[in-house]
Number of protein chains: 2
Amino acid sequence: MPVVPSEALKARKTPRQARSSATMAAIHEATFQVLLSDGIGRLTTTRVAERAGVSVGTMYQYFPHKQALLYAVLDEYLEHVVVAVEEACLRFEGARLAEMSDGLTQAYLDAKLRHMPASLALYAVAAELDTAALVADVVRRVDQCIERLLQSASDAAFDDLGKVTFALRTMLVGTVRAGLENDASPAALAMLRTQLPIMCRAYLATVSRQ
Amino acid sequence: MPVVPSEALKARKTPRQARSSATMAAIHEATFQVLLSDGIGRLTTTRVAERAGVSVGTMYQYFPHKQALLYAVLDEYLEHVVVAVEEACLRFEGARLAEMSDGLTQAYLDAKLRHMPASLALYAVAAELDTAALVADVVRRVDQCIERLLQSASDAAFDDLGKVTFALRTMLVGTVRAGLENDASPAALAMLRTQLPIMCRAYLATVSRQ
DNA sequence: ACCTGAACACCGTTCAAGT
DNA sequence: ACCTGAACACCGTTCAAGT
């Protein structure tokens with residue numbers, strides 16, 4: 001359960017000097033490296049500061065607390081994923097329903113698999129933070145472009161587009177997470193690659209008109 | 001990231017005396033209460049011991065570490081869910097595919113919603129433990145009874161039953177989690193109630209013969 | 001102006017001392 | 001035999017002292 005309200009999670013104001021933002025980037029990068037090499041259970045502020053080559057005190061000048069370190073890394077990661085989804089939605093605008101479903105599914109899965117050890121570590125990171133505001137923003141952007149995509153289908157229409165978008169996104173995000181989180185085995189990956197497109201297509205075909 | 005291997009997570013050997021198991025039950029119950037009232041972020045060993053009316057030292061006689069407290073609570077919770085799924089699978093054995101799909105979907109969702117604040121808290125608990133062994137066992141039991149259920153469908157058959165079972169369970173578990181975790185709003189619950197059965201039915205209809 | 005790291009508070013865990 | 005809680009190690013965070 002998050003203890004710090006999400007408004008307080010962000011990094012401190014960016015300092016004016018160029019040297020400062022280099023230090024900030026070093027701390028950010030060090031957080032990511034420690035996360036991947038040691039895991040979130042062994043990620044301590046001392047270790048991150050050491051890896052970044054600064055003292056803990058300096059680190060606290062740029063990030064108000066440990067959660068802000070993780071928040072920044074999660075934020076950057078989610079941005080990648082959102083951009084991947086947005087690009088896919090633009091690419092398949094106006095296509096037939098089955099094609100756009102497959103395009104969206106593959107783009108999301110690819111984005112997750114491309115960053116693979118990181119994707120897993122970041123599910124754990126998200127669980128330790130109050131991600132309400134961050135997730136709300138991501139969901140808003142993703143739902144907006146998925147809704148536009150579905151709206152543009154050349155061979156289908158929906159009675160309640162908002163509900164279908166919500167359901168599709170929840171299924172997509174949830175199923176991929178469940179498939180990767182507990183065992184990202186070759187069998188699980190193969191299942192996602194083959195069955196996830198079928199699920200999404202089947203759902204959309206069922207709830208669409210024509 | 002879990003630091004303690006899952007084999008070491010269990011409670012210590014049950015003591016011989018009756019008084020002991022009462023103490024153990026009190027600690028177990030206290031863990032659950034503190035989890036729900038304070039959240040996992042504020043759940044400390046001191047607080048649990050205090051709530052249970054024992055000293056920390058005594059607590060450590062029954063549970064080797066904090067993770068074992070949480071493990072016990074998670075284990076009990078998952079048992080409830082597994083039993084609910086098993087019962088539903090027995091109840092719908094031999095039914096038509098659409099009926100068994102709806103029966104399974106509703107049973108799983110009901111089991112999650114019945115324990116509602118707890119279900120949410122336990123997603124967070126699971127993220128803090130090495131649940132590999134526990135989850136593997138739950139998955140084995142759930143997949144076994146779902147596979148038997150699908151096998152018995154009176155109006156459908158499957159080419160790769162194992163793969164379909166794996167995919168259906170992943171979709172079911174993942175979609176419900178995603179729907180509940182970030183906002184268990186009335187809108188999210190309504191979406192799960194209406195769309196989850198449609199998703200599962202649509203997927204199963206697509207991958208079945210006849 | 002910026003950095004350092006010893007010091008502080010808190011939490012998980014242990015173990016010498018009690019009954 | 002079982003319980004207690006002060007003591008220890010470790011971690012997040014601060015701030016007086018340095019440059």
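Proteins get letters first, then strands, A, B, ... in listed order; numbering begins at 1 in each.
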Legend entry - Results of salt bridge (Lys or Arg N to Asp or Glu O under 4.0 Å) for A:E50 - residues two or more places apart only: none
Sort and list the pairs that fulfil salt bridge (charged side-chain N to carboxylate O under 4.0 Å, His left out) and have at least one residue in [range], not counting sequence neighbours.
range                       : result
residues 186-201 of chain A : A:D102-A:R201, A:D110-A:R193
residues 61-80 of chain B   : B:E79-B:R141
residues 162-181 of chain B : A:R177-B:E181, A:E181-B:R177, B:D143-B:R169, B:R177-B:E181

Could you go over nucleotides 11-13 of chain C and give all protein N or O partners under 3.5 Å, atom names and distances?
from, atom 1, to, atom 2, distance (Å)
C:dG12, OP1, B:K66, NZ, 2.8
C:dG12, OP2, B:T45, N, 2.8
C:dG12, OP2, B:T45, OG1, 3.0
C:dT13, OP2, B:Y60, OH, 2.5
C:dT13, OP2, B:K66, N, 2.8
C:dT13, O5', B:Y60, OH, 3.1

Legend entry - Taking every non-hydrogen atom, the tightest pair across B:T105 and B:P197: CG2-N, 3.7 Å
Between atom [atom1] in [X] and atom [atom2] in [N], what is the gap in whole Å?
X     : N     : atom1 : atom2 : value
A:I27 : C:dT4 : CD1   : C1'   : 13 Å
A:M24 : C:dC3 : CE    : C1'   : 17 Å
A:M59 : C:dC3 : CE    : P     : 13 Å
A:E50 : C:dT4 : CD    : C1'   : 15 Å

Inset, instruction - Return no unless some side-chain N or O of B:T58 is found under 4.0 Å from OP1 or OP2 of D:dT4. - result: yes
Inset, instruction - Could you tell me whether the phosphate oxygens of C:dC3, OP1 or OP2, come under 4.0 Å of any side-chain nitrogen or oxygen in A:Q61? - result: yes
Who passes side-chain contact (heavy atoms from CB on, under 4.5 Å) against [X], sequence neighbours left out?
X      : result
B:E29  : B:Q33
A:V81  : A:Y77, A:Y108
A:I198 : A:Q195, B:Y203, B:T206, B:V207

Legend entry - Paired stretches of DNA chain C - 3 or more consecutive Watson-Crick or G-U pairs, each distance under 3.5 Å: C:4-8 with D:12-16, C:12-16 with D:4-8
